[in-house]
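Worksheet: the structure to be examined is printed underneath.
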Amino acid sequence: MLKTAICDLFGIKYPIIQGGMAHVATAELVAAVSDAGGLGVIGAGASEPGWVREQIHKTRKLTNKPFGVNILLISPFAKEVIEVVLEEKVAVVTTGAGNPGPHVPRFKEAGIKVMPVVASVALARRLERAGVDAFVAEGMESGGEIGQITTMALVPQIAGNVNVPVIAAGGIADGRGLVAALALGAQGIQMGTRFIATVECAVHENYKDMIVKGGDRATITSGHSLGHPVRALKNPMTRRFIELEKVGLTEEQLIEFGTGKLRKAAVEGDRVEGSFMAGQCCGLVKDIVPVAELVRDIVSEAESLLCRLPQYVSVDTEPSEQ
Ligand SMILES: Cc1cc2nc3c(=O)[nH]c(=O)nc-3n(C[C@H](O)[C@H](O)[C@H](O)COP(=O)(O)O)c2cc1C
């Protein structure tokens, strides 16, 4: 059975983590992933602390398996959400958009495992010294806010520089991606985009439909002028945002224009004005399936691929003639 060090660390069956996604990763999806043997993660995003507590309670009603909360460190409510997570003693905290270093000791004291999402070796090294338990190394193929390095280049560099388990994220949607991640030195995968196109994900059907119909070139990045590039599906909203960046709108004006657009996509399914954050793996997503089926298929594809791999290569064991 496909099992790695991350399974023991988090008390999960399979090394598959569902990325915390603002407005997308709510209790239903999180519980379904944890029930299926992976680790579901609530996306706190910029939500108020009361909403995060509600989602934790709801998830606990739906599953007795471990799950996590992703804290977006740039959220105006980040401090309060940290207090909620500490009080509720969730199993795992993942963090996005920032450096969680100062908060690590309090999480550890509360018995909470900490797994920051990182996009560079330097930050990973610094956070390892702060005592984190694992990392998500997220490449720029991923949906949402992105770094500058691809998954292929980033994962082995982070895995080669830290002594805690590394999870690969960005561009992974099937068993082939899981095997590739293991080959790069990761102990598992985190997927965002693939988990949106599932029955249990509570987003608007238009979101799922756009991911299923999107091909390899369906996404585009915007927000480079703000220093926080974001990958989303190409649509009138993303094109307009890029135009506004080009004509030189101020940071405040751009932020005002972009605010609320992910919610418009996830809740209202607004194909024109919504920001449908998704990754480059859209072309690998062909259907909307129940989470349990997805997790099972990924694990069985990875297991059979791992068994077949030796047949793909011929290793010459004869001594070379010289
Ligand atoms: C709609 C959406 C929202 C996201 N929101 C967050 C977030 O709030 N915090 C975070 O750390 N990562 C966030 N991410 C990144 C995911 O957790 C995950 O790492 C990423 O989607 C993996 O790449 P993939 O989309 O290629 O699977 C988001 C991704 C998407 C698609």
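One-based numbering, in listed order, for ligands and for the atoms of each. Residue numbers count from 1 along this sequence.
Remark: ligand 1 and I196 share no N or O pair separated by less than 3.5 Å (distance only, no angle test). Where the criterion is an N or O separation shorter than 3.5 Å, residue side chain and backbone included, A22 meets it with respect to ligand 1. The shortest N/O to N/O separation between T193 and ligand 1 falls below 3.5 Å. Any N or O atom pair closer than 3.5 Å counts here, and A169 shares no such pair with ligand 1. For ligand 1, the polar-atom distance check against G171 finds a nitrogen or oxygen pair separated by under 3.5 Å.
Checked for salt-bridge contact, K246 and E243 miss the test: no charged N lies under 4.0 Å from a carboxylate O. Looking at D287 and R194, a side-chain N of the basic residue comes within less than 4.0 Å of a carboxylate O on the acidic one, giving a salt bridge. The residues K108 and D133 are annotated as salt-bridged, a charged nitrogen and a carboxylate oxygen being separated by less than 4.0 angstrom. By the 4.0 Å N-to-carboxylate-O rule, D209 lies close enough to R271 to be salt-bridged with it. Residues E28 and K58 are paired through a salt bridge, judged by an N-O separation under 4.0 Å between the basic side chain and the carboxylate.
Residues passing the side chain to side chain contact (heavy atoms under 4.5 Å, CB included) test with L154, sequence neighbours excluded: A137, I149, I158. Remark: H228 engages E145 in a side chain to side chain contact (heavy atoms under 4.5 Å, CB included) (not counting sequence neighbours).
Contact between Q190 and ligand 1 is present, with at least one heavy atom of the residue lying under 4.0 Å from the ligand. Using a 4.0 Å heavy-atom cutoff, G170 is listed among the residues neighbouring ligand 1.
For atom 22 (C) of ligand 1, the nearest protein heavy atom (residue, atom name, distance) is S142 CB, 3.6 Å. Nearest protein neighbour of atom 29 (C) of ligand 1, counting heavy atoms only, is G143 O, 3.4 Å. Among all protein heavy atoms, the one lying closest to atom 31 (C) of ligand 1 is M277 O, 3.5 Å. Protein heavy atom in closest approach to atom 3 (C) of ligand 1: M21 CB, 3.5 Å. With respect to atom 14 (N) of ligand 1, the closest heavy atom belonging to the protein is G20 O, 3.7 Å.
Each of the following atoms of ligand 1 lies closer than 4.0 Å to a heavy atom of E138: 15 (C), 16 (C), 18 (C), 19 (O), 20 (C). Atoms of ligand 1 lying under 4.0 Å from any heavy atom of M191, numbered from 1 in the order shown and given with element: 27 (O). Listed by number with element, the atoms of ligand 1 under 4.0 Å from a non-hydrogen atom of G19 are 17 (O). The G96 neighbourhood of ligand 1 comprises atoms 11 (O), with distances under 4.0 Å to a heavy atom of that residue.
The closest side-chain heavy-atom distance from T238 to F276 is not below 4.5 Å. Put simply, the side chain of V24 does not reach to within 4.5 Å of the side chain of F195, judged on heavy atoms.
Using a 4.0 Å cut-off between heavy atoms, Y207 contacts ligand 1 through its side chain alone, with no backbone atom that close.
When each of E88, E48, E80 is tested with R53 by the rule salt bridge (charged side-chain N to carboxylate O under 4.0 Å, His left out), just one qualifies, namely E88.
Here the shortest heavy-atom distance to atom 10 (C) of ligand 1, taken over I74, I17, V41, N70, belongs to N70. Checking G279, G192, A44 against atom 27 (O) of ligand 1, the nearest heavy atom belongs to G192.
For the residue pair L184 and A159, the shortest heavy atom distance occurs at O-CB, 4.2 Å.
Put simply, CD1 on I17 and CD on Q187 are 10.5 Å apart, with the number rounded to the nearest 0.5 Å.
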